[in-house]
Amino acid sequence: MPARNLLAFDLGAESGRALLGRLDSGRLSLTELHRFANTPARMNSRLHWNLLSLWESLKTGLRNASAAGSAGLHGLGVDTWGVDFGLIGRNGEVLGLPVCYRDSRTDGILERTFQRVPRERIFQVTGVQFLQFNTLFQLLAMRECRSSLLEMADRLLMMPDLLHYLFTGQAANEFSAATTTQMYDPRRKDWAWDLLRELDLPSHFLGPIVPSGTILGRLSDEVAAECGVQPFPVITPASHDTGSAVLSVPAEGSDWCYISSGTWSLMGVELPEPIINAKSLRYNYTNEGGVGGSFRFLKNIMGLWLVQECRRHWAKQGQEHTYAELTSMAIQAHPFQALVDPDHQPFLSPGDMPVKIERFCQQTRQNAPHKHVEIAQPVHVNPQRIRSRGVFADCPQMHTGTRAIDIVPGDRNQQITKINQHAVVGK
């Protein structure tokens, strides 16, 4: 088979990158072509993703692929974080900027929703962990504030679906991303239409769900001309980034589990069918779709978010730290000077993270950390160590018969692998 050149865009909640993969004689080589920041911005009291900047960064990656002289491209695909979405109007226009899942519009939405439809009912249908920023609750928050976009929208597209749409003009909802919405019924393998009616949510903008690996269409002539390439197929991968990350785990059989590390750390197992029962509800586990119709039974653990926010805060003050430096600080510092609950509600929103951590320690009658090294330890090591071991112990699907834990490091945060090794196996 002739060599194939495939362009992959991998976007996380902090940064993105363009990678050129060359498959030649069964061997895959990767070359990074472009790296860019992904920073939300506040406008009119809402925290938005900068879609225009992201789109320009993707086109830059495509131009760089053309300039690399790769003898033509044979495919392109995008993966991103889950739950966030864009809306497309009846004439194909993008309706506004996507709102970031860390926006405050969903504060208190869980309690208000459960007054209408019980928690047990929602989980029984969807099998998805309750997080206030899941797509379902973002839409409910929009309905509460009477957003006109809900009626104006012709299609709802998850973030990777939206970017694929900009490349091709073709609107489709990919399976792995759709399952993060808490609006998908894994038993019926379709949108949870009955549940949406019970919640009085519009559903006219939900389209057909396509599997990972679907050829959506060809790169539009407009984008191809702008980026100096010939049109070629656009193929949706497991467009939820965790789905693509877990697919890369070099494991066979069923005696392994994984930790996928980034802004969030996700710990779980890959299964042929979801697990939806009283215990998975009680422990707030989730079932996310993967390649080939598989499901990742997992727990979301607050990953590098606290570290990322501290790093941004210190950088604004003129004190830059690399992730390697922060990891070294955390490992070398005296352990358990303070314990921080990464799921503490004020930590969810961005800004002033070191101040929030100090305040949390004061409120819980601990010695408040002040120096960078003192803060690095409780936000970098302790939450990972405690939460990862707890998840592993609580889940029989993980600790029963598990012979290997595969740790998939995030994009530029590979130092976190050391932390997770300490967390789970203690060395």
Side-chain angles (χ1 to χ4, degrees), residues 11-16 36-58 80-113 130-163 165-166 173 177 180-183 196 199-206 240-241 263-264 300 302 305-306 308-309 312-313 316 343-353 355-356:
L11 278 66
E14 185 188 31
S15 63
F36 49 94
N38 182 18
T39 306
R42 195 167 296 279
M43 182 175 66
N44 289 338
S45 77
R46 286 279 169 261
L47 191 64
H48 293 273
W49 293 111
N50 191 339
L51 179 62
L52 297 178
S53 176
L54 290 177
W55 177 231
E56 287 303 316
S57 294
L58 265 61
T80 80
W81 65 101
V83 306
D84 285 340
F85 59 92
L87 297 171
I88 305 298
R90 293 176 179 83
N91 294 324
E93 70 273 27
V94 178
L95 301 177
L97 294 173
V99 174
C100 175
Y101 65 90
R102 294 193 184 274
D103 185 77
S104 61
R105 65 178 176 173
T106 55
D107 288 354
I109 192 69
L110 292 177
E111 294 75 16
R112 296 192 296 275
T113 302
F130 287 97
L131 297 166
Q132 70 175 50
F133 48 70
N134 288 344
T135 315
L136 174 68
F137 301 112
Q138 292 195 47
L139 291 172
L140 287 168
M142 292 178 68
R143 191 198 62 192
E144 284 185 349
C145 68
R146 301 177 185 274
S147 173
S148 60
L149 294 179
L150 291 178
E151 295 305 321
M152 294 170 60
D154 184 62
R155 290 298 300 272
L156 180 148
L157 297 177
M158 305 305 289
M159 286 300 296
D161 302 326
L162 178 61
L163 296 170
Y165 171 78
L166 295 178
N173 293 104
T180 72
T181 62
Q182 207 160 19
M183 301 190 301
L196 296 175
L199 290 166
D200 194 28
L201 266 181
S203 58
H204 63 274
F205 42 56
L206 299 176
H240 182 211
D241 52 5
T263 301
W264 292 86
N300 280 280
M302 189 70 77
W305 170 247
L306 302 185
Q308 292 167 346
E309 280 297 287
R312 273 189 280 266
H313 180 88
K316 289 179 181 178
D343 297 323
H344 182 51
Q345 182 66 27
F347 294 157
L348 183 63
S349 59
D352 298 327
M353 192 60 71
V355 177
K356 294 177 183 177

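All values below were derived from every heavy atom in this structure, side-chain atoms included, with hydrogens, water molecules and symmetry-related copies excluded.
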For residues 154-163, which side-chain donor-acceptor pairs fall under 3.5 Å, sequence neighbours excluded?
{"residue": "Arg155", "atom": "NH2", "partner": "Asn173", "partner atom": "OD1", "Å": "3.1"}
{"residue": "Asp161", "atom": "OD1", "partner": "Glu174", "partner atom": "N", "Å": "3.2"}
{"residue": "Asp161", "atom": "OD2", "partner": "Met158", "partner atom": "N", "Å": "3.4"}

Practice task
Under the side chain to side chain contact (heavy atoms under 4.5 Å, CB included) rule, what do Leu136 and Thr113 come out as? Steps first, then yes or no, please.
Solution key: CA-CA 10 Å; Leu136 174 68; Thr113 302; 5.7 Å; no
Which atom of [X] lies closest to which atom of [Y], heavy atoms considered:
X	Y	answer
Trp81	Ala13	CE3-N, 4.3 Å
Pro98	Gly86	CG-CA, 4.4 Å
Leu150	Pro202	CB-CG, 4.2 Å
Ser203	Leu196	CB-CD1, 3.9 Å
Pro350	Leu47	CG-CD2, 3.8 Å

Problem - Stepwise side chain to side chain contact (heavy atoms under 4.5 Å, CB included) check, Glu93 with Met152 - result: CA-CA 11 Å; Glu93 70 273 27; Met152 294 170 60; 6.0 Å; no
Measuring from [X]:[atom1] to [Y]:[atom2], what's the distance to the nearest 0.5 Å?
X	Y	atom1	atom2	result
Phe137	Leu201	CZ	CG	10.0 Å
Phe205	Leu95	CZ	CG	11.0 Å
Ser57	Leu11	OG	CG	8.0 Å
Leu110	Gln132	CG	CD	6.0 Å

Any donor-acceptor pair under 3.5 Å from [X] side chain to [Y] backbone:
X	Y	answer
Asp103	Arg105	yes
Glu309	Gly351	yes
Thr135	Val83	yes

Problem - Flag side-chain contact, heavy atom, 4.5 Å: Tyr101 against Thr106 - result: no
Handout entry: Check: Trp305 and Leu348 side chains under 4.5 Å, non-hydrogen atoms
Key = no
Exercise for the section: Take Phe347 and Lys356 through the test side chain to side chain contact (heavy atoms under 4.5 Å, CB included) and record every step on the way to the result. Expected result: CA-CA 7 Å; Phe347 294 157; Lys356 294 177 183 177; 3.8 Å; yes
Practice task
Name all residues meeting the side-chain contact (heavy atoms from CB on, under 4.5 Å) criterion together with Asp352; count only those two or more places apart in sequence or in a different chain, and write none if there are none.
Solution key: His313, Val355
All N/O donor-acceptor pairs, side-chain side in residues 48-55, below 3.5 Å, sequence neighbours left out:
{"residue": "His48", "atom": "ND1", "partner": "Leu97", "partner atom": "O", "Å": "3.1"}
{"residue": "Trp49", "atom": "NE1", "partner": "Asp84", "partner atom": "OD2", "Å": "2.7"}
{"residue": "Asn50", "atom": "OD1", "partner": "Ser53", "partner atom": "N", "Å": "3.1"}

Practice task
Quick one: do Phe85 and Leu139 satisfy side chain to side chain contact (heavy atoms under 4.5 Å, CB included)? Show the steps, please.
Solution key: CA-CA 10 Å; Phe85 59 92; Leu139 291 172; 3.8 Å; yes
Exercise for the section: Could you point out which residue of Met142, Gln138, Glu144, Arg143 forms a side-chain contact (heavy atoms from CB on, under 4.5 Å) with Leu140? Expected result: Arg143
Handout entry: Neighbour count above 12 (heavy atom, 6.0 Å) for Arg90 CZ
Key = yes
